[in-house]
> 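Right, I'll just put the structure down here and ask away after.
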2 protein chains.
Amino acid sequence: MENYSEDLDGVFQALADPTRRAVLGRLGSGPASISDLAAPFAMALPSFMKHIRFLEESGLIRTAKEGRVRTCSLERARFSMVEGWLSEQRAVWQARTDRLESLVLAREEFLRDQEKKEKDK
Amino acid sequence: MENYSEDLDGVFQALADPTRRAVLGRLGSGPASISDLAAPFAMALPSFMKHIRFLEESGLIRTAKEGRVRTCSLERARFSMVEGWLSEQRAVWQARTDRLESLVLAREEFLRDQEKKEKDK
DNA sequence: CGAATAGTTTTCCATAAGGCTAAGTATCAA
DNA sequence: TTGATACTTAGCCTTATGGAAAACTATTCG
């Protein structure tokens, strides 16, 4: 994927809003219609719809219309993008730790050598 | 925490930009100065500084100035906020799965009962 | 001291985000 | 067929974001 980074932008930004996170939380326990989802929020429907569209464009949810009702559902796979990024980060941290460790080991070895030479004198 | 949600907003939004993610990636392998961090980006310094301040306000990095150099370093603890949110979500999914499972089990039991009554007739 | 270095402050700009109201457009139900 | 339901579209407003240039401050080096 060449637009991996842009996708991440979208996913993280979608998650950067409490309304949208709440919607995702709700969808975690099963699909729901727009008005069901909107009910808990003191917000005009068109404003709420923007959040839904944002979530859909980020790929975190899917929506489908049947009759006059649009049903939204979670796209769980998309969440793994976040997990993926997190583990990349941890991998970098780990690599650093490993480098530091080998430095320490090298230094310890050096010190032992010094000591030995001192004794052999 | 009462501002847990706002903190999450900040963290996710900080992550929603490729420049900032790259900086975090770089800091993963150790602290660095502003100009070191800025070097890879074709961006005026003041623009870059905004990203640094954003990252600092989100709590994902710490910075300290010594002489004329400001050194930035990762605040790894902050990353666990994201992991925390992810596991909350997974917990919701799991709860749903459990409910569905018990429904299925209940239905199976019901069907067995029906069958038995049928036989006992 | 004087110049180069490393940030910092200020001001400006265009676009995106999040919210609103008002006015559509399709279903569905009586 | 009329009315209610369930969204949609369109337009408007304010604030936040990501970027830039110009000018300033504080260190450090020769």
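Every value quoted in this text rests on a predicted model; they were computed, and no experiment measured them. Chain letters run A, B, ... following the sequence lines, proteins first and then strands; every chain starts at 1.
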> Does the A/Arg78 side chain pair with the main chain of A/Val11, one donor and one acceptor, at a distance under 3.5 Å?
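Answer holds: no.
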
> CG of B/Leu37 versus C1' of C/dT8: gap in Å, rounded?
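Between C1' of C/dT8 and CG of B/Leu37: 16 Å.
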
> Looking at A/Arg70, does any N or O in its side chain come under 4.0 Å of the phosphate oxygens OP1/OP2 on D/dT8?
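Looking at the OP1 and OP2 atoms of D/dT8, one of them is under 4.0 Å from a side-chain N or O of A/Arg70.
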
> What is the minimum heavy-atom distance between B/Val92 and A/Gly28, and which atoms define it?
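Heavy atoms of B/Val92 and A/Gly28 come nearest at CG1-C, 3.6 Å.
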
> Which residues in residues 20-34 of chain B have at least one heavy atom lying under 4.0 Å from any atom of DNA chain C?
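Heavy-atom cutoff 4.0 Å gives B/Ser33, B/Ile34.
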
> How are the rings of A/Trp93 and B/Phe79 set to each other: parallel, tilted or perpendicular (split at 30° and 60°)?
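The arrangement is perpendicular - the two ring planes meet at more than 60°.
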
> Could you state the CG-C1' distance from A/Asp9 to D/dG18, rounded to the nearest angstrom?
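In whole Å, D/dG18 C1' lies 12 Å from A/Asp9 CG.
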
> Considering only heavy atoms, which members of residues 43-51 of chain B lie under 4.0 Å from some atom of DNA chain C?
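Hits under 4.0 Å, by residue number: B/Leu45, B/Pro46, B/Met49.
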
> Could you give all pairs that pass the salt bridge (Lys or Arg N to Asp or Glu O under 4.0 Å) test and reach residues 94-104 of chain A, with sequence neighbours left out?
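Applying salt bridge (Lys or Arg N to Asp or Glu O under 4.0 Å) to every pair that reaches into residues 94-104 of chain A, excluding sequence neighbours, yields nothing.
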
> Find out whether A/Arg53 and A/Met49 are in side-chain contact, i.e. whether some heavy atom of one side chain is under 4.5 Å from a heavy atom of the other.
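In short, these two side chains touch, coming nearer than 4.5 Å.
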
> If I take atom CD in residue B/Gln13 and atom C1' in nucleotide D/dT15, what distance separates them, rounded to the nearest angstrom?
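One finds 12 Å between C1' of D/dT15 and CD of B/Gln13, rounded.
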
> What are the two closest non-hydrogen atoms of B/Arg26 and B/Gly30, and how far apart are they?
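Heavy-atom minimum between the residues: NH1-O, 3.1 Å.
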
> Measure the shortest side-chain to side-chain distance between B/Val104 and B/Leu100 over non-hydrogen atoms and say whether it is less than 4.5 angstrom.
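With C-beta onward as the side chain, the pair stays apart.
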
> Please tabulate, for the side chains in residues 12-21 of chain A, all donor-acceptor contacts under 3.5 angstrom to protein atoms that are two or more places apart in sequence or on a different chain.
| unit_1 | atom_1 | unit_2 | atom_2 | d |
| --- | --- | --- | --- | --- |
| A/Asp17 | OD1 | A/Thr19 | N | 2.8 |
| A/Asp17 | OD1 | A/Arg20 | N | 3.1 |
| A/Arg20 | NE | A/Ala14 | O | 2.9 |
| A/Arg20 | NH1 | A/His51 | ND1 | 3.2 |
| A/Arg20 | NH2 | A/Gln13 | O | 3.0 |
| A/Arg21 | NH1 | A/Leu15 | O | 2.7 |
| A/Arg21 | NH1 | B/Asp9 | OD1 | 2.8 |
| A/Arg21 | NH2 | B/Ser5 | O | 3.1 |
| A/Arg21 | NH2 | B/Ser5 | OG | 2.9 |
| A/Arg21 | NH2 | B/Asp9 | OD1 | 2.8 |

> In whole angstrom, what separates A/Arg68's CZ from D/dA6's P?
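Roughly 5 Å, once rounded to whole Å.
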
> Where do A/Ile34 and A/Phe48 come nearest, in terms of heavy atoms and distance?
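Minimum heavy-atom contact is O-CE2, 3.9 Å.
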
> Please report the closest heavy-atom contact between A/Gln89 and B/Gly25, naming both atoms and the distance.
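Residues A/Gln89 and B/Gly25, closest heavy atoms: NE2-CA, 3.4 Å.
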
> Cut-off 3.5 Å, no hydrogens considered: what does the side-chain donor-acceptor table look like for residues 65-76 of chain A, sequence neighbours left out?
| unit_1 | atom_1 | unit_2 | atom_2 | d |
| --- | --- | --- | --- | --- |
| A/Arg70 | NH1 | A/Thr63 | OG1 | 2.8 |
| A/Glu75 | OE1 | A/Arg62 | NE | 2.5 |

> So which one's nearest nucleotide on DNA chain C is more toward 5', B/Val69 or A/Thr19?
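That would be B/Val69.
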
> Which residues in residues 52-67 of chain A have a heavy atom closer than 4.0 Å to any atom of DNA chain D?
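Output list: A/Lys65.
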
> Over how many whole Å does the gap from B/Asp17 atom CG to D/dG19 atom C1' extend?
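That distance rounds to 11 Å.
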
